[in-house]
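Everything on this sheet refers to the single structure shown next.
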Amino acid sequence: MNLFGEIRDNILAELAAMMREGALPAGLALENVAVEPPRDPAHGDMATNAAMVLARPAGMKPRDIAAALAQRLEGHPRIRSAEVAGPGFLNLRLAPGTWGELVEAILAAPEAYGRSQMGRGKRVNVEYVSANPTGPLHVGHSRGAVFGDALAALLEYSGHEVTREYYINDGGAQVDVLARSVYERYREALGEAAEIGEGLYPGDYLVPVGKALAEKVGARWLGQPEEVWLEEVRAFAIEAMMRLIREDLALLGVEMDNFFSERSLYDSGRIEAAIEALSEQGLIYQGVLEPPKGKMPEDWEPREQTLFRSTAHGDDVDRPIQKSDGSWTYFAPDIAYHFDKISRGFDRLVDVFGADHGGYVKRMKAAVSALSGGKVELDIKLIQLVRLFKDGQPFKMSKRAGNFVTLRDVVEQVGADVARFVMLTRKNDAPLDFDLARVLEQSRDNPVFYVQYAHARVRSVMRRAEAAGISPGAPLIEDAAEVTLARKLAEWPRLVEIAARGHEPHRVAFYLYELASDFHALYNRGNDHPHLRFVQDDAAATSAKIALPLAVSIVISAGLGILGVTPVEEMR
RNA sequence: GCUCGCGUAGCUCAGCUGGAUAGAGUGUCGCCCUCCGAAGGCGAAGGUCACAGGUUCGAAUCCUGUCGCGAGCGCCA
């Protein structure tokens, strides 16, 4: 049951009828007709801007359209009244029985409530984390991981077919550095002194990798030149790092559907094929780029390179895909990778990148636009930095990895549920201050606690009812606080669609906070007004009262499920 | 210099693809404990939505410019 969707359908049907009957000009576009919760509850249960949106194209006065629409809507069983307000709003009040029906519908099909068909038949690839396989994940990665994971869940919830994907950057120079670093640990494991020179990865996490390598191959690479061992050590090290990364992701409850290796693109002709696809469109050429405007790099000199004409698809300058020595830039395999995604038949791609990849957005979109003939939309979500604090003081820790706070550190301190929720209480493009102490406080300014507390309160009430042998019956929703709460429940399906459309999982977190707030308000009113308590003296009254909180817990559960947070049964 | 993002209450932030009197938390002040605990609830005060123009019935939201903060800016990934 999607009340906002249902009422909007009613309104669209009436508008269509008005067009048929000549009350409105035919052929008006209706996409912009919205049905929203009014900001001021005094304005009713729902409001539509239909008359104002249509006034101009129809050449009519908004209030006239609204009045005509109001008259037609008055007959609908779900609508108690429709009145024109302000410049042409139409404020709707729903029939009093609606809220009870809504709660009943939620209880009847808890899994279904809020799920949407908006993504039906749409295949989406969400790429996230994609950290270099050179070490454990750090805090910054964890925010991207949580965001991508919640977004994927949100898209699934709204009916999309989703693939969660990790792009392994195992093709560049950094994995050679990794191999050399592991080689030093390998020597160390065999009793020699490791020489972790400048530019190598110093982290302790490579010690066991070197040891495992020593156990596997023995001493045969000792004293050998790099050409002998580099390739095999690299493969060994990458595999070990990916195992480490998967473990880190598992700590956060993140599981990928697919790991895609950059290296697999090399020496397989796939990069060449992608570039060829661009070349066929005349988008590849040999040329010399203009120097960057303003700041001139000291060593800048004109250089002829193979370039991608990304400006033809909205970029600011064309981009190099080959270095001057003829080898690929990192952009080339990325083009091939996205070409691969397109060829796998996805309708939409989402890349979740760190904010330092901001300069990369336009060229990647240009590539996808060109390679898909404009058919596949690429959305790139940039994740801003996480600033860690503890009790208000900047937090630095380096026990595992040398110089950064790892994802594991954070999860060990606060737990996966808290980490996930907190990271989703901010828009992805806003920096996030994460205080390891504050997020464990049990107070209203800690949204994790507040939402969980609401859920625990409901569960407690339900346990109490169950102990008395009472199960939820036909809901009775009368009091203003009850109606407010039911109204908030009615917004859930609409919220899901808005959040999914905008790729904005943080909206779910904020919604849950609001829902919890309305619930706590009602709960507390029970202190002053015993008739509002969920558990009543007689069984019939209790049965009617507990339906609403149960519906609340169902929606909280569903919302937390999208965020990847486990709802708790009780507070500890 | 150019590109992108951000600028909303003292502080931390929402603001639903342009809507009605811009909302929460926190902090300050007042009131309220038999369901899960006051770890909560109710209320008051607190705003030039950075600034200046523009678009229109209507702008925090869209456009232009200015200022401020952050990130990025031809062989690095």
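These values consider heavy atoms only, across backbone and side chains, with no hydrogens, waters or symmetry-generated copies. Numbered from 1 within each chain, the chains take letters A, B, ... in sequence-line order.
Contact annotation: side chain of A/R501 to base of B/C16, donor-acceptor pair absent below 3.5 Å. Judged by distance alone with a 3.5 Å cut-off, no donor-acceptor contact links the side chain of A/N49 to the base of B/A20. Counting distance only, with no hydrogens placed and no angle test, the side-chain atoms of A/D356 and the base atoms of B/G72 include no donor-acceptor pair under 3.5 Å. For B/U34, the base has a donor-acceptor partner in the side chain of A/R533 [N/O atoms by modelled type, under 3.5 angstrom].
Counting only N and O atoms by type, the side chains of A/Y453 and A/R457 include a donor and acceptor under 3.5 Å apart. Remark: the A/N169 side chain and the A/Y330 side chain contain no N/O donor-acceptor pair separated by less than 3.5 Å. A donor atom on one side chain and an acceptor atom on the other are found under 3.5 Å apart for A/D351 and A/H338. Counting only N and O atoms by type, the side chains of A/S116 and A/E497 include a donor and acceptor under 3.5 Å apart. A/Q286 and A/T306 share a donor-acceptor pair across their side chains, judged by distance under 3.5 Å alone.
A/P320 comes within 4.0 angstrom of the backbone, heavy atoms only, and of no base. If you check every strand for non-hydrogen atoms under 4.0 Å, A/D528 touches sugar and phosphate atoms only. Contacts of A/P62 with the nucleic acid, taken as non-hydrogen atoms under 4.0 Å apart, are absent. Among the protein residues, A/A34 comes within range of no part of the nucleic acid, since none of its heavy atoms lies under 4.0 Å from any strand. Looking at heavy-atom distances under 4.0 Å, A/A85 makes contact with a base. Residue A/R494 is in base contact, counting any heavy-atom pair closer than 4.0 Å across all strands shown. Within 4.0 Å of A/E570, counting heavy atoms only, lies at least one base atom of the nucleic acid. A/V361 comes within contact range of no nucleotide atom at all, as no heavy-atom separation falls under 4.0 Å. Within the 4.0 angstrom heavy-atom criterion, only backbone atoms of the sugar-phosphate kind lie near A/G172; the bases stay farther away. A/G86 comes within 4.0 angstrom of nothing in the nucleic acid, heavy atoms only. Across all strands shown, A/E569 has heavy atoms under 4.0 Å from base atoms, whether or not it also approaches the sugar-phosphate. Base engagement by A/Y523 is indicated by at least one non-hydrogen atom pair under 4.0 Å involving a base atom.
Set against B/G41, B/C76, B/C16, the side chain of A/T329 has B/C76 as its closest nucleotide. Here the nucleotide nearest the side chain of A/D433, chosen from B/G41, B/C13, B/C36, is B/C13. Of the candidate nucleotides B/A77, B/C32, B/U3, B/U3 has the atom nearest to the side chain of A/D316. Looking at the side chain of A/R463, the nearest of the listed nucleotides B/A20, B/C36, B/G40 is B/C36. Residue A/H506 places its side chain closer to B/G15 than to any other of B/G15, B/A77, B/G41. Nearest nucleotide to the side chain of A/F89, out of B/A77, B/A20, B/G74: B/A20. For A/N91, the listed nucleotide lying nearest its side chain is B/A20; candidates were B/A20, B/G15, B/C13. Proximity note for A/R426 (side chain, C-beta onward) versus B/A77, B/G40, B/C13: the nearest is B/C13. Side chain of A/K427, nearest nucleotide from B/A14, B/A20, B/G74: B/A14. Considering only side-chain atoms of A/R56, the nucleotide from B/C35, B/U56, B/A14 that sits closest is B/U56.
For A/R348 and A/D379, the salt-bridge test fails: no basic side-chain N is under 4.0 Å from an acidic carboxylate O. A salt bridge is defined here as a Lys NZ or Arg NE, NH1 or NH2 lying under 4.0 Å from an Asp or Glu carboxylate O, and A/E377 with A/K365 fails to meet this definition. For A/R387 and A/D433, the salt-bridge test passes: some basic side-chain N is under 4.0 Å from an acidic carboxylate O.
Put simply, NE2 on A/H503 is 13 Å from C1' on B/U17, counting in whole angstrom units. Look at CZ on A/F449: it is 15 Å from P on B/G25, rounded to the nearest Å. One interatomic measurement links the two molecules: CG of A/L515 to C1' of B/A14, which rounds to 16 Å at whole-angstrom precision. For the pair A/E304 CD and B/G74 C1', the interatomic distance rounds to 13 Å; values are reported in whole Å. Following rounding to the nearest Å, A/E514 (CD) and B/G23 (C1') show an atom-to-atom distance of 9 Å. The interatomic distance linking A/H520 (NE2) with B/G41 (P) rounds to 6 Å, in whole Å. Separating the CG atom of A/D379 from the P atom of B/U17 is a distance of 17 Å, rounded to the nearest angstrom.
The same atom, P, is picked in B/A60 and in B/G19; the two are 10 Å apart, to the nearest Å. Atom name C1', nucleotides B/G58 and B/C2: the rounded distance is 35 Å, in whole Å. Rounded to the nearest Å, the gap between the C1' atom of B/G43 and that of B/U48 is 27 Å.
Using a 4.0 Å cut-off, no side-chain N or O of A/K362 falls inside it from OP1 or OP2 of B/U3. Considering only side-chain N and O atoms, A/H357 lies nowhere under 4.0 angstrom from the phosphate OP1 or OP2 of B/U3. Of the side-chain N and O atoms in A/K323, one or more sit less than 4.0 angstrom from OP1 or OP2 of B/A77. The side chain of A/R464 contributes an N or O atom lying less than 4.0 Å from OP1 or OP2 of B/C36. One finds no side-chain N or O of A/R363 lying less than 4.0 angstrom from the OP1 or OP2 phosphate oxygen of B/U3. The phosphate of B/C36 (OP1 or OP2) has a side-chain N or O of A/S460 nearer than 4.0 angstrom.
Looking at which nucleotide of RNA chain B each of A/V53 and A/M571 is closest to, the 5′-most match is held by A/V53. Comparing A/M46 and A/Y453 along RNA chain B, the residue whose closest nucleotide (by nearest heavy atom) sits nearer the 5' end is A/M46.
Base pairing analysis places B/A45 opposite nothing; no Watson-Crick or G-U wobble pair with both distances below 3.5 Å involves it. Searching all strands for a Watson-Crick or G-U wobble partner of B/A22 with both distances below 3.5 Å returns nothing. Searching all strands for a Watson-Crick or G-U wobble partner of B/U66 with both distances below 3.5 Å returns B/A50. Of the nucleotides present, none pairs with B/A60 by Watson-Crick or G-U wobble criteria with both distances under 3.5 Å.
The aromatic ring of A/H43 sits over the base of B/A20, with ring centres less than 5.5 Å apart and planes tilted by under 30°.
Few gaps surround CG on A/D528; more than 12 heavy atoms of other groups in view lie less than 6.0 Å from it.
Taking the six-membered ring for Trp, A/Y167 and A/Y337 have ring centres closer than 6.0 Å.
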